[in-house]
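A quick write-up on the structure given underneath.
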Amino acid sequence: MAQRSRFFDSSGGDRIYTSDAWAQVVGAIIGDGVVATGNELAVAEASPPAMSVRVNTGKAFIQGYYFEVHTGQETLAIAAAHATLPRIDRVVVRRDLAGRTAVLTVLAGTPAASPTAPALTQVSAGVWEIALAQVAVAPAAASIVDANITDERGPRAKGTDIENLQATLLDPAAGHRHEGTAGTGRKVRHAD
């Protein structure tokens, strides 16, 4: 049968749902991305600057699975710089179904005259990564600063940008306006 439905109460153990079943539903509703509240897993230089970066608190959804840095910043080590060639590393959230984990990870790039960031792994039945930032590692660098970090968080997870929705569409200072003209079917008007 090609039909499927979910989440009904169990009667004698006949309805047992896996994490995959929940992830399919959550993923369909929210999608991949950082949740648009708080510090949003922003990547920044360590304090003091070193060969590491810190990832701020925040939440993300990866293929329907939840990830959170919740009590404080996480510090991630950046591998030693090449003596003469630059490279680009990538900070990601990695969901691993076999390991049953979602964690922060640094993907080390390859030193080259014109380096590129390492590719994301995105295998739906295995490892799936979403990018948070690229980190440019200069030749012989001794530390990473904010100028070396490029934000890659992209669009926020669907439906999680409530703060921005309120600020842009429901601005109490400016109000909102609906207007229409005769014959357009839009005859609602709300003055400021």
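Being a predicted model, the structure only gives us computed values, none of them experimental.
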### Query
Just wondering, do Val135 and Arg87 contact through their side chains at under 4.5 Å, heavy atoms?
no
### Message
Test of understanding: clusters of I, L, V, M, F, W, Y form through side-chain heavy atoms closer than 4.5 Å, transitively. Do Val93 and Leu76 belong to the same one?
### Response
yes
## Note on the structure
Closest heavy-atom pair, Ala81 versus Ala140, reported as atoms and distance to 0.1 Å, is CB-N, 3.7 Å
### Query
Is the side chain of Glu129 donor-acceptor paired with the backbone N or O of Gln122 at a distance under 3.5 Å, no angle test?
no
### Query
Would Val123 end up clustered with Ile62 when hydrophobic side chains under 4.5 Å apart are linked, directly or stepwise?
no
### Query
Does the distance from a Lys or Arg side-chain N to an Asp or Glu carboxylate O, for Arg94 and Asp96, drop under 4.0 Å?
no
Side-chain donor-acceptor distances from residues 51-61 under 3.5 Å, at least two apart:
from  : atom 1 : to    : atom 2 : distance (Å)
Arg54 : NE     : Glu45 : O      : 2.6
Arg54 : NH2    : Glu45 : O      : 3.4
Asn56 : OD1    : Gln73 : NE2    : 2.7
Asn56 : ND2    : Ala42 : O      : 3.1
Thr57 : OG1    : Asn39 : ND2    : 3.0

### Task
Indicate the atoms forming the closest heavy-atom contact of Pro86 with Pro139, along with that distance.
N-CG, 3.7 Å
### Query
Does the side chain of Val91 reach to within under 4.5 Å of the side chain of Asp89, using non-hydrogen atoms?
no
#### Entry: Backbone of Ser124 reached by a side-chain donor or acceptor of Arg95 within 3.5 Å
yes
### Task
Examine distances only and state if a side-chain atom of Arg100 and a backbone atom of Ala98 form a donor-acceptor pair shorter than 3.5 Å.
no
#### Entry: side chain to side chain contact (heavy atoms under 4.5 Å, CB included) against Ala131, all qualifying residues, sequence neighbours excluded
Arg90, Leu120, Glu152
### Task
Share the residues that join Val145 in a hydrophobic cluster, the rule being Ile, Leu, Val, Met, Phe, Trp or Tyr side chains under 4.5 Å apart at the heavy-atom level.
none
### Task
Please step through side-chain contact (heavy atoms from CB on, under 4.5 Å) for the pair Ile144 and Val137, ending with a clear verdict.
CA-CA 7 Å; Ile144 302 298; Val137 182; 4.2 Å; yes
### Query
In chain order, what residues pass the side chain to side chain contact (heavy atoms under 4.5 Å, CB included) check against Ala23, with sequence neighbours excluded?
Tyr65
### Message
Tell me the closest heavy-atom pair linking Arg153 and Leu41, and the distance in Å.
### Response
CD-O, 4.0 Å
For a quick test of your reading: what N or O donor-acceptor pairs under 3.5 Å do the side chains of residues 105-113 make, sequence neighbours left out?
none

### Task
Starting at CD1 of Ile149, measure out to CD1 of Ile78 and round the result to the nearest 0.5 Å.
8.0 Å
### Summary
In short, ring-ring contact (aromatic ring centres under 6.0 Å, His included) pairs touching residues 18-47 with sequence neighbours left out are Phe7-Trp22
### Task
Any chance you could measure Leu85, atom CG, to Ser114, atom OG, to the nearest 0.5 Å?
10.0 Å
### Message
Quick check: do Val92 and Ile130 have side-chain heavy atoms less than 4.5 Å from each other?
### Response
no
### Query
Considering only heavy atoms from C-beta outward, does the side chain of Val34 approach that of Leu132 to under 4.5 Å?
yes
### Least distance between heavy atoms, Ala157 atom then Gly33 atom
CB-O, 3.7 Å
### Message
Quick one, Leu104 and Phe67 - any side-chain contact, counting heavy atoms below 4.5 Å?
### Response
yes
### Query
Are Gln63 and Asp32 close enough that some pair of their side-chain heavy atoms sits under 4.5 Å apart?
yes
